[in-house]
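If you read the sequence from its start, that first residue is 1, and numbering goes on from there. Remember, it's a predicted structure, so these values are computed and weren't measured experimentally.
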Amino acid sequence: MAANGAPPETDEFWIFDQRVPGWVTGYVRRFWQASQDHRGTPEAPGRVVTLIERSHWASLVDAHDSAPEKVWGVAYRIKADKVAEVKEYLDIREINGYTIHYTPFYPADGSPLIRTLVYIGTPDNDQFTGPQDPQALAEHIYVSEGPSGLNRDYLLSLEKALNELSPESGDAHVTDLSNRVREIERKRREGELAVEGFEHPVSHEFRRVSSVDEQEETEKA
């Protein structure tokens with residue numbers, strides 16, 4: 001399952017024969033996973049999304065104290081002759097704290113349930129950050145950068161992709177962080193805010209890793 005419903009920007013990802021928008025239940029999506037290998041570095045990890053079991057999330061103190069019952073995303077059916085390639089690629093891409101899980105996926109068009117494979121960073125993995133202050137998190141995302149690019153681009157692309165799936169597919173957590181990042185950018189652009197953290201640009205060496213790189217790690221959850 002992918003949290004990002006955006007189509008690929010190149011022909012490289014045409015290894016699936018079905019793309020199905022829809023949702024899973026029983027989870028909450030949060031930017032509570034550190035990223036040392038895509039949107040950050042080991043010295044300065046970025047932040048990416050993961051799914052948290054709703055029952056566990058309910059036991060935590062979260063400034064974003066509500067979450068939709070449906071976690072929207074996209075399920076891809078991989079062509080049979082590409083399954084091994086995709087599995088190998090994802091196992092490498094998701095090595096930074098993510099593990100394989102299976103969950104029912106509800107297609108938006110009312111089709112029968114699909115059993116989907118999802119990579120999730122569970123609370124017991126070393127990269128799980130837990131609840132964070134939204135403004136501090138937005139500021140952290142704004143200045144973070146890794147081999148796959150700017151952390152804020154990841155956030156804003158995810159917001160856009162989710163909003164395009166359905167009139168009800170937006171995520172308030174993602175939108176609030178996006179709005180905060182846009183406000184930081186506005187203040188920086190207008191000279192109201194000096195932002196540190198751009199002195200040492202990071203090489204985007206992971207921009208074109210393999211035939212599935214265009215979907216990148218916004219699809220983790």
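Side-chain contact annotation: Tyr142 with Arg180, donor-acceptor N/O pair under 3.5 Å absent. For the residue pair Thr99 / His101, a side-chain donor-acceptor distance below 3.5 Å is found, with atom types taken as modelled.
Residues Pro45 and Ser144 approach most closely at O-OG, 3.9 Å, considering heavy atoms. Heavy atoms only, all atoms of each residue included: Pro104 and Leu113 are closest at CB-CD1, 4.4 Å. The two residues Leu51 and Val118 come nearest to each other via the heavy atoms CD1-CG1, 4.2 Å. When all heavy atoms are compared, the tightest approach of Leu165 to Gly73 is CD1-O, 3.7 Å. Shortest non-hydrogen contact noted between Ala34 and Val48 is O-CG2, 4.5 Å. Nearest heavy atoms, Thr116 versus Ala75: CG2-CB, 4.0 Å.
Counting only distance, with no hydrogens or angles, the side chain of Ser178 and the backbone of Val174 share a donor-acceptor pair below 3.5 Å. No donor-acceptor pair closer than 3.5 Å links the side chain of Thr175 to the backbone N or O of Ala172. Of the possible donor and acceptor atoms, one in the side chain of Thr129 sits under 3.5 Å from a partner among the backbone N and O of Trp32. In terms of modelled atom types and a separation under 3.5 Å, the side chain of Arg29 and the main chain of Trp72 share a donor-acceptor contact.
Val28 places a side-chain heavy atom less than 4.5 Å from the side chain of Arg30. With contacts defined as side-chain heavy-atom distances shorter than 4.5 Å, the pair Trp57/Asp65 does not qualify. With a 4.5 Å cut-off on side-chain heavy atoms, Pro134 and His64 count as touching. Using a 4.5 Å cut-off on side-chain heavy atoms (C-beta onward), Arg39 and Arg152 make no contact. Looking at heavy atoms from C-beta onward, Tyr98 lies in side-chain contact with Gln33 at the 4.5 angstrom threshold. The shortest side-chain heavy-atom distance between Ile114 and Pro107 falls under the 4.5 Å cut-off. Using a 4.5 Å heavy-atom threshold, the side chains of Tyr102 and Leu117 count as touching.
Taking the side chain to side chain contact (heavy atoms under 4.5 Å, CB included) definition, one finds that Asn163 meets it with Glu159, sequence neighbours left out. Remark: Glu43 pairs with no residue by the salt bridge (Lys or Arg N to Asp or Glu O under 4.0 Å) rule, at least two apart or across chains. Qualifying ring-ring contact (aromatic ring centres under 6.0 Å, His included) partners for Phe31, counting only residues two or more places apart in sequence or in other chains: Tyr154. By the salt bridge (Lys or Arg N to Asp or Glu O under 4.0 Å) test, Arg115 is found to be paired with no residue, residues two or more places apart in sequence or in another chain being considered.
One finds the CG atom of Asp124 at 3.5 Å from the OG1 atom of Thr122 (value rounded to the nearest 0.5 Å). Rounded to the nearest 0.5 angstrom, Ile141 CD1 and Ile184 CD1 are separated by 9.0 Å. Rounding to the nearest 0.5 Å places OG1 of Thr50 at 11.5 Å from CD of Gln127.
Screening residues 102-113 for salt bridge (charged side-chain N to carboxylate O under 4.0 Å, His left out) gives no qualifying pairs among residues at least two apart or on separate chains. Applying the salt bridge (charged side-chain N to carboxylate O under 4.0 Å, His left out) rule to pairs touching residues 44-57 yields Arg54-Glu69, sequence neighbours excluded.
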Could you walk me through whether Phe105 and Val24 pass side chain to side chain contact (heavy atoms under 4.5 Å, CB included), step by step? CA-CA 5 Å; Phe105 180 87; Val24 298; 3.9 Å; yes
Passes side chain to side chain contact (heavy atoms under 4.5 Å, CB included), Thr25 versus Tyr106? Steps please. CA-CA 9 Å; Thr25 60; Tyr106 297 81; 3.9 Å; yes
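Follow the hydrophobic side-chain contacts under 4.5 Å out from Val20 and you reach Tyr27 in the same cluster. The hydrophobic clustering, which links ILVMFWY residues whose side-chain heavy atoms are closer than 4.5 Å, places Phe128 and Leu177 apart. Side-chain heavy atoms closer than 4.5 Å link hydrophobic residues (I, L, V, M, F, W, Y) into clusters, and following such links, possibly through other members, connects Val83 to Ile100. Hydrophobic clustering places Val49 together with Val74 (ILVMFWY residues linked when any side-chain heavy atoms are closer than 4.5 Å, directly or through intermediates). In the hydrophobic cluster analysis, where Ile, Leu, Val, Met, Phe, Trp and Tyr join through side-chain heavy atoms closer than 4.5 angstrom, Leu162 is grouped together with Leu155.
Of the charged side-chain nitrogens involved, none lies within less than 4.0 Å of a carboxylate oxygen, so that Arg182 and Glu185 do not count as a salt-bridged pair.
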